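One structure is given below, encoded as structure tokens.
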There are 2 protein chains.
Amino acid sequence: MATIKDVAKKANVSIATVSRILNNKEGFTEETRKKVMKTIEELGYHPNAVARGLISKRTNTIGVLVPRISSMLVSDMVTGIENVAHEAGTSVIVCHTESNGQKTMQYLHLLKEKQVDGIIFTSEVLLKDYYEFISRFNIPLVLLSTESINFQVPSVKVDDRLASYDAVEYLIGMGHRKIGMLSGNKKDMIAGMPRVEGFKMALETNGVEVEESLIEYGRGFSYEDGASGFERLFKRHSDLTAVFAASDEMALGMISKAHRMGISVPEQVSVVGFDNIAVSEMCIPALTTIAQPVQEMSERAARMMLDMINLNANVQSSAYPHRIVERESVKRLK
Amino acid sequence: MATIKDVAKKANVSIATVSRILNNKEGFTEETRKKVMKTIEELGYHPNAVARGLISKRTNTIGVLVPRISSMLVSDMVTGIENVAHEAGTSVIVCHTESNGQKTMQYLHLLKEKQVDGIIFTSEVLLKDYYEFISRFNIPLVLLSTESINFQVPSVKVDDRLASYDAVEYLIGMGHRKIGMLSGNKKDMIAGMPRVEGFKMALETNGVEVEESLIEYGRGFSYEDGASGFERLFKRHSDLTAVFAASDEMALGMISKAHRMGISVPEQVSVVGFDNIAVSEMCIPALTTIAQPVQEMSERAARMMLDMINLNANVQSSAYPHRIVERESVKRLK
DNA sequence: GCACAGGAAGTAAACGTTTACGTAAAATGA
DNA sequence: TCATTTTACGTAAACGTTTACTTCCTGTGC
């Protein structure tokens, strides 16, 4: 395989000159540039990024940690990040942590060894161990679709509490009073708790009594959680007219289960979801949901990362606006 | 940041010894091992994979090229590959080619510069340029969910023609005669043409006349393609009782459009899809479809890749069995 | 004609590892 | 006990770049 030395020898220049030419560093004439470029072409030479990385301490690579949540959400995030990263000449290594602490630590070690320029951590609680490891080595870090309460780390996310509040208020506006909630994991401080709080707040603010039994907690935010959760919820409250689901997948699970139980959506019970994943508009009835601009947010996170890396910038966390996407899963009560 | 030199100095040994210990290379006593490990711990030393990669010519990294097809399929593939790769201590760099030839070549250059140990190319036609570039540098290559007719490259995929044949024969078995097809891109030699051929073959074999107008070609395999395709198809043949869609997303698009047109699935028209993506069982009606064991296939591809890299093995292409997943989108005609 | 600025190019060190080779001491065998 | 093998470890080169420092040359101003 041709190296910079081969090019230098064949072109009768020093390797420094070749390097300068490749990096546009001034100190050569147009004539030698042409000559060198020609022999590069002839030899089919490609610079070795590993060698370059060794000396420049830059690998042009970032790591992205994703948990085992909705594969669609994850896919959107990775795509968004990868797009802007690639634009800037940097690659992304994906790491599926499966929400497993041990595996996550393993990945962090790996990424550190690989000398990634930065890490984007998504959709999960940033544990102390993670944070300490990352900051000990001064690796730039940004959080996507999550945030840290204990540590100061730039993040990109929507205001979950507020989004949830709006969703429920929307239902109330449509005439619903008896509203249930399909929540994710109770212990999730990011997407769990805040959404429940928003739910309660919306009810209270609008003078609807809050009953704990109207909230059904799931293991996670999956289709399965939504389906089984709804069954239990409905058993307790067969008179509810609407449900707010903490994720679109849960909403889909609920719709499916309702269908099987002979309950029609939205005629008998309305539902609004959360996330606006691609399929939410593909299903029947098309899902009314809270949209997170995931692609945009991901791109933002990537850009923040790049700024931290290249400009050593002190980036700010940014809250993204959610919005309600009205489709067909909510019925207006007279 | 601590390097191997720091460790060596602090532990009073040579760097060679530290290296040997870290790589289990024999040539040290248990005593010195303990001593060295202790100072590694104290210094918080982590080996630098870049330096290691430079000399060992191994980066423990592979590149995965994915096109802009169903984000769910892509997600499953990447997950499958990443899982087994990580198991073996290698990372994966994802590259979204967006089915863009120029961008793909860019990525190939990038991956070569980054000295990846191998490349997994998915779901797309392997162009001559791609192949030549990759093979010129002797980069191990495996194809996932695609294959090459002109070049000999190990691949993992299902037999599209056969799968398609089975799908259509299934419909015939359910009493359907007037069957339309929603195909993807006509020019796609991998997932386009073969599936159409399977469709025709099944009809012929079962004594049903084949009409070209029963086939509607799309731009790709998307939801949109399915929706608009069905509308045109139905305009030509309002008497069809079943449709075979070349992808689940297309099938979903069709169902949605049918719903809007006041046509009920499966009562008036049945449909079978292709892929068995996660949401196909979440929708209403749940989709009857041809399942490709994507996760399994992806894992297989990754394992093949690792074998090529580590054992220099001469791996064999493997065809994976598809199967029909019967759900609720097909009605039996008496 | 000379001092000197400035540009083009070369030299060599450095980045953090792995590893072939060398060496001294310990273990083995007779 | 001595010769020989084995073991534990050190030395230094190599991997393919970037870059600080140097050198050489051309041109400029006086």
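Each chain gets a letter, A, B and so on, in the order the sequences are listed, and its residues count up from 1. Remember, it's a predicted structure, so these values are computed and weren't measured experimentally.
- The ring pair (Phe, Tyr, Trp, His ring centres under 6.0 Å) test applied to A/Phe221 returns no partner, not counting sequence neighbours.
- Between B/Glu299 and B/Arg303 there is a salt bridge, since at least one side-chain N of the basic residue sits less than 4.0 Å from a carboxylate O of the acidic one.
- Residues from residues 46-55 of chain A with heavy atoms under 4.0 angstrom of DNA chain C, sorted by number: A/Leu54, A/Ile55.
- Atom CG of B/Asp76 and atom OG of A/Ser75 lie 9.0 Å apart (nearest 0.5 Å).
- For DNA chain D, the contact window with chain B, defined by any atom under 4.0 Å from a protein heavy atom, covers D/dA8 to D/dG16 in 5' to 3' order.
- In this view, B/Glu98 and B/Lys103 satisfy the salt bridge (Lys or Arg N to Asp or Glu O under 4.0 Å) rule, not counting sequence neighbours.
- Heavy-atom distances under 4.0 Å link DNA chain D to B/Asn12, B/Val13, B/Ser14, B/Ala16 of residues 3-16 of chain B, given in residue order.
- Listed in residue order, the members of residues 26-40 of chain A having a heavy atom less than 4.0 Å from DNA chain C are A/Gly27, A/Phe28, A/Thr29, A/Thr32.
- Taking each heavy atom of B/Thr122 and B/Thr146 in turn, the nearest pair found is C-CG2, 4.2 Å.
- Ring centroids of B/His109 and B/Phe137 are separated by 6.0 Å or more, keeping the two rings apart.
- Taking the charged nitrogens against the carboxylate oxygens, A/Arg33 and A/Glu30 do have a contact shorter than 4.0 Å, which makes a salt bridge.
- For B/Ile55, there are no side chain to side chain contact (heavy atoms under 4.5 Å, CB included) partners two or more places apart in sequence or in a different chain.
- Rounded to 10°, the angle separating the first-five-pair axis and the last-five-pair axis of the helix from C/dG1-D/dC30 to C/dA30-D/dT1 equals 40°.
- Between B/Lys35 and B/Glu31 there is no salt bridge, since no side-chain N of the basic residue sits under 4.0 Å from a carboxylate O of the acidic one.
- When all heavy atoms of B/Gln295 and B/Gly80 are compared, the closest pair comes out as NE2-CA, 4.1 Å.
- Nearest approach of B/Gln115 to A/Ala49, heavy atoms of both residues: OE1-N, 4.5 Å.
- Among the atoms of the strands shown, none is found under 4.0 Å from any heavy atom of B/Ser56.
- Screening residues 309-319 of chain A for salt bridge (Lys or Arg N to Asp or Glu O under 4.0 Å), with sequence neighbours left out, gives no hits.
- In this structure, A/Glu87 has no side chain to side chain contact (heavy atoms under 4.5 Å, CB included) partners at least two apart in sequence or on a different chain.
- Partners of A/Ser19 by side chain to side chain contact (heavy atoms under 4.5 Å, CB included), not counting sequence neighbours, listed by chain and number: A/Ile4, A/Asn23.
- Applying the ring-ring contact (aromatic ring centres under 6.0 Å, His included) rule to pairs touching residues 79-102 of chain B yields A/Tyr107-B/His86, sequence neighbours excluded.
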